[in-house]
Each structure stands twice: as C-alpha cells, then as structure tokens.
Colleague: 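Okay, here's the structure, questions in a sec.
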Amino acid sequence: MSHTKFLTRCLQLATYANGRTSPNPMVGAVLVYKGQIIGEGYHHRAGEPHAEVMAINSVQDQSLLTSSTLYCSLEPCAHYGKTPPCSVLITESRIPKVVIGCSDSNDLVNGKGIAHLKSHGVEVVLSENPAAFRELNRVFFCNKDLKRPFVSAKWAQSIDGYLDRLRTKNERATLISGPLASLKTHQLRATADGILVSAKTLNWDQPSLSTRNYFGRNPRPIVLVSSYLPDESALQKLSSPPLFVGNAAMLEGDKIVCDPQAIEHWLPKLLDFGIHHVLVEGGGRVLQSFFDTGCVDEWHRYTSLHTLSSGIPAPDLKLSGTASNLGEDCYERG
Ligand code: AOF
Ligand code: ZN
C-alpha cells in the first residue's frame, strides 16, 4: 500500500504549528491500525512533547499499538533533550513498523533514531520523496546542515533596475513599490527572527523595520556596521533594540564584533542570538554581497513599472523564479 496518504496527513498536522516551533522543526505523526487512523499528534512548540508522543498518547486503545504502523514526517529523535527520546518510546510501546518522511540532520539524531528502531526489530520505511518533508522545515535543515541561519533577501526595484535615485541623506527615499508589496513584505518580516540592514540604510531611510501592516511579531533589527556608524535618531525609530554586527566595538548593546565583509564568518554567529531566519533588506551593496557569497536561500523581488533612469543599482543577478502581479508591481520569488 502507498504510504503517501498517511505521510501527507503528517505534513498537514505538522503545519498546524507553523511559526511556533522554532528553533525546533514542525513535525506531525499518525498511528494507523488496519488502514484506519487511530491516533494523531504534532509538535506544538519547543519544550513541549514531540509529535510521536502526542500521537501515541492520543490512542484510546493502547493495546492496538503492537499491531499498528507509526507514520512521522521526521525521523524520531534519539536524544535526551527537553524531552526524552521518541525512538525509545516507540520501541517501549512495541510499535512494529515506522514510516518516516525524512531523516533528522540534528547531530544529536542524524540516523541514530532510525538505528535504534532497527536494532530493536522495528521495520523502518523511508519515504521515497524526502524533499517534500525537508521543504517544510527548510529553516531548520539550513540551520542544522549549514550551521547558519536561513537567509531571505528582499528588495524593490524600478523596471530599469534601480533601488533608489541618487540623493542626499536629508532627502527621503524614493517610494518604489505599492501598498500590496508593503503588505507582503510585512508578512515576510513576520516569519523572520532578524531583519538586516546596513548602518547607511538605517541612517538614510530611518526605518522601523517592523511588521506593522501585518499580524505577527517584529523581527529583531540587525545593523551591519562598516564605514558608517548608526545615528542615535535612527536607532530610536527601530521597533526593538538592534543587534550590531561588524565594526561595532564601541557600540552599546548586543554585538558581534567582526569584519563586516566576512559574511560567512559572522552569519553562523547569529544563531547564538536566536536568529534562525534572517531577512536581508538592504542596501544594495549588502544584498549584492550576500548573493556574491552564495548565502541567499530565498529571494523576493518587487519590480515597479516606474523608471528611475539612474541611481543605486539593484542586485545584478540572473534570477529565475515564479512571478505574479501584486497591485501595480510584479512580485517574483525564488
Ligand atoms: C521528533 N519529534 O516532534 C520533533 C523532533 O529539545 P527537544 O527535546 O525538544 O529536541 C529538539 C530536537 O528534536 C530538534 O532539534 C529536532 O532534532 C528534534 N525534533 N523530533 O522526534 C518531534 N520536534
Ligand atoms: Zn522526539
């Protein structure tokens, strides 16, 4: 019998906790007896029971477990973390068969859960399509596989490829994209833990970097300090106290003192500040250097119908993604 139906249900259950499990992954689990679902569960948030525990505990007639199959979207864990190992609960419950969406890249697990099950005589089946299960937790897998935050890049450009006109610090930034693009940006911000801009962009644009046009939390502002120091007036406008990265030794507050150009060096350190997903919003040079370093996992581009003829160039890239209309702007992501 195909396992797709029950594994798909695991994915569905996992997403019930979308946005609430960080730094843990979203995980769903289903128990099936003679083709019927007899128990379901998902991981609600970090520190709380894992999906397998929720599913096993939800089964009314526990005597059926010894003849049931457990489906789970992620390899059952093997470690004592905030909760005891799921793989041990499975073998102690004498569940004979486990079907798994994808393995867990966490160094504490990474095959050890599967090995524990097999060594206790459990039949283990791995999904033929692990990509679908990894995609669900792409932030988690990026953190565990690459040991750095997941990076989204976002910018708005004129149709002729400029982020802004050339202007002085006292002149306001050029409004490129429309209100729907702004709404979409705030939706995107609500999914990130941190939002990164250069000190120059901070000083010149004086943004709040908040999620005010959408529900959800504000990501923490991250200010990249290279040649410019952040202005006190600009810092006051931020939604919350920022994390400084770069030439920040003399700045008060949380900071990572490092060479700001060495992205690969300091990016992993953001994890120590609970930044598992960072949204890079500018300026142009910062966006370009993130792309040049190969550290962009996902990008969002809004292109307006306006022309600027000259100005600050948008990232120079050969990108292909999916495109849609967003009011007067074209929205592409990839
Ligand atoms: C599972 N089922 O539902 C989840 C798993 O701190 P802990 O004890 O909650 O462990 C967190 C780690 O456990 C997390 O990094 C990931 O490797 C795994 N998450 N495992 O068997 C679950 N959420
Ligand atoms: Zn577990």
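All heavy atoms count here, side chains included; hydrogens, waters and symmetry mates do not. First listed ligand is number 1; within each ligand, the first listed atom is number 1.
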Colleague: Determine, for Lys237 against Asp205, whether the closest basic-nitrogen to carboxylate-oxygen distance falls under 4.0 angstrom.
Modeller: no

Colleague: Heavy atoms only: which of Pro25, Cys77, Pro23 lies closest to atom 19 (N) of ligand 1?
Modeller: Pro25

Colleague: Tell me: protein heavy atom nearest atom 11 (C) of ligand 1, and distance?
Modeller: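 Answer, as residue, atom name and distance: Asn24 OD1, 3.3 Å.
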
Colleague: Which residue and non-hydrogen atom of the protein lie closest to atom 10 (O) of ligand 1, and at what distance in Å?
Modeller: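 Nearest protein contact, heavy atoms only, for atom 10 (O) of ligand 1 is His79 NE2, 3.1 Å.
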
Colleague: Identify, for atom 23 (N) of ligand 1, the protein heavy atom at the shortest distance, and state residue, atom and that distance.
Modeller: His43 CD2, 3.2 Å

Colleague: In the protein, what heavy atom is nearest to atom 18 (C) of ligand 1, and what distance, to one decimal place, separates them?
Modeller: Asp104 OD2, 3.5 Å

Colleague: Counting only heavy atoms, which portion of Phe140 has something under 4.0 Å from ligand 1: side chain, backbone, both, or neither?
Modeller: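 For Phe140, only side-chain atoms sit under 4.0 Å from ligand 1.
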
Colleague: Looking at Trp155 versus Phe291, is the centre-to-centre ring distance below 6.0 Å?
Modeller: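 Close enough - the centres of the two rings lie under 6.0 Å apart.
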
Colleague: If the cut-off is 4.0 Å to any non-hydrogen atom of Gly81, which atoms of ligand 1 fall inside it?
Modeller: 8 (O)

Colleague: Under 3.5 Å, is there a donor-acceptor pair linking the side chains of Gln12 and Arg9?
Modeller: yes

Colleague: For Asp160 and Ser158, does a side-chain donor sit closer than 3.5 Å to a side-chain acceptor?
Modeller: yes

Colleague: If you measure from each non-hydrogen atom of Glu52 to ligand 1, which part falls under 4.0 Å: side chain, backbone, both or neither?
Modeller: side chain

Colleague: Sort by chain and number the protein N/O/S atoms that are closer than 2.8 Å to the Zn ion (ligand 2), and list them.
Modeller: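 Listed by chain and number, the nearby protein N, O or S atoms are His50 ND1, Cys77 SG, Cys86 SG.
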
Colleague: Any idea how His79 and His50 line up, ring-wise: parallel (<30°), tilted (30 to 60°), or perpendicular (>60°)?
Modeller: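 It falls in the tilted class, 30° to 60°.
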
Colleague: Taking the side chain as every heavy atom from C-beta outward, state whether Leu126 and Ser103 have any atom pair closer than 4.5 Å.
Modeller: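 No, side chains not in contact.
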
Colleague: Does the residue Glu48 have a heavy-atom contact with ligand 1, meaning some pair of atoms that are separated by less than 4.0 Å?
Modeller: no

Colleague: Could you check atom 6 (O) of ligand 1 against the protein and tell me its nearest heavy-atom contact, residue, atom and distance included?
Modeller: Lys82 N, 3.2 Å

Colleague: Could you work out, for atom 4 (C) of ligand 1, the closest of Leu89, Val27, Asn137, Asn106 by heavy-atom distance?
Modeller: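 It is Val27 whose heavy atom sits nearest to atom 4 (C) of ligand 1.
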
Colleague: Should you measure from each heavy atom of Glu75, which atoms of ligand 1 turn up under 4.0 Å away?
Modeller: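 Counting from 1, the qualifying ligand atoms are 21 (O).
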
Colleague: With distance as the sole test, does Asp259 use its side chain to make a donor-acceptor pair with the main-chain N or O of Gln261 at under 3.5 Å?
Modeller: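 The answer is yes, because a donor-acceptor pair under 3.5 Å joins these two groups.
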
Colleague: With respect to Pro76, which candidate in Ile100, Val88, Val109 satisfies the side chain to side chain contact (heavy atoms under 4.5 Å, CB included) definition?
Modeller: Ile100

Colleague: Does this structure show an ion pair linking Asp329 with Lys184, if we count only N-O contacts that are shorter than 4.0 Å?
Modeller: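 No, this pair does not count.
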
Colleague: In terms of residue, atom name and distance, what is the protein heavy atom nearest to atom 9 (O) of ligand 1?
Modeller: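 Here the nearest protein heavy atom works out to His50 NE2, 2.7 Å.
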
Colleague: Would you say the side chains of His43 and Asn24 form a donor-acceptor pair under 3.5 Å?
Modeller: yes

Colleague: Tell me whether Ala46 reaches ligand 1 (any heavy atom closer than 4.0 angstrom to a ligand atom).
Modeller: no

Colleague: Please tell me whether His300 and Ser152 have a donor and an acceptor in their side chains that are separated by less than 3.5 angstrom.
Modeller: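 No.
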
Colleague: Taking non-hydrogen atoms only, is Thr83 closer than 4.0 angstrom to ligand 1 via side chain, backbone, both or neither?
Modeller: both

Colleague: For residues Ser63 and Asp61, is any side-chain donor paired with an opposing acceptor at under 3.5 Å?
Modeller: yes

Colleague: Taking only heavy atoms of Pro76, which atoms of ligand 1 are found under 4.0 Å from at least one of them?
Modeller: 21 (O)

Colleague: Quick one: which of Asp193, Leu196, Ile275, Leu270 gives a side chain to side chain contact (heavy atoms under 4.5 Å, CB included) with Arg220?
Modeller: Ile275

Colleague: At a non-hydrogen distance cut-off of under 4.0 Å, which region of Ala51 contacts ligand 1 (side chain, backbone, both, or neither)?
Modeller: both

Colleague: Could you tell me whether the side chains of Thr174 and Arg165 share a donor-acceptor contact shorter than 3.5 Å?
Modeller: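 Result is yes, a qualifying pair exists.
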
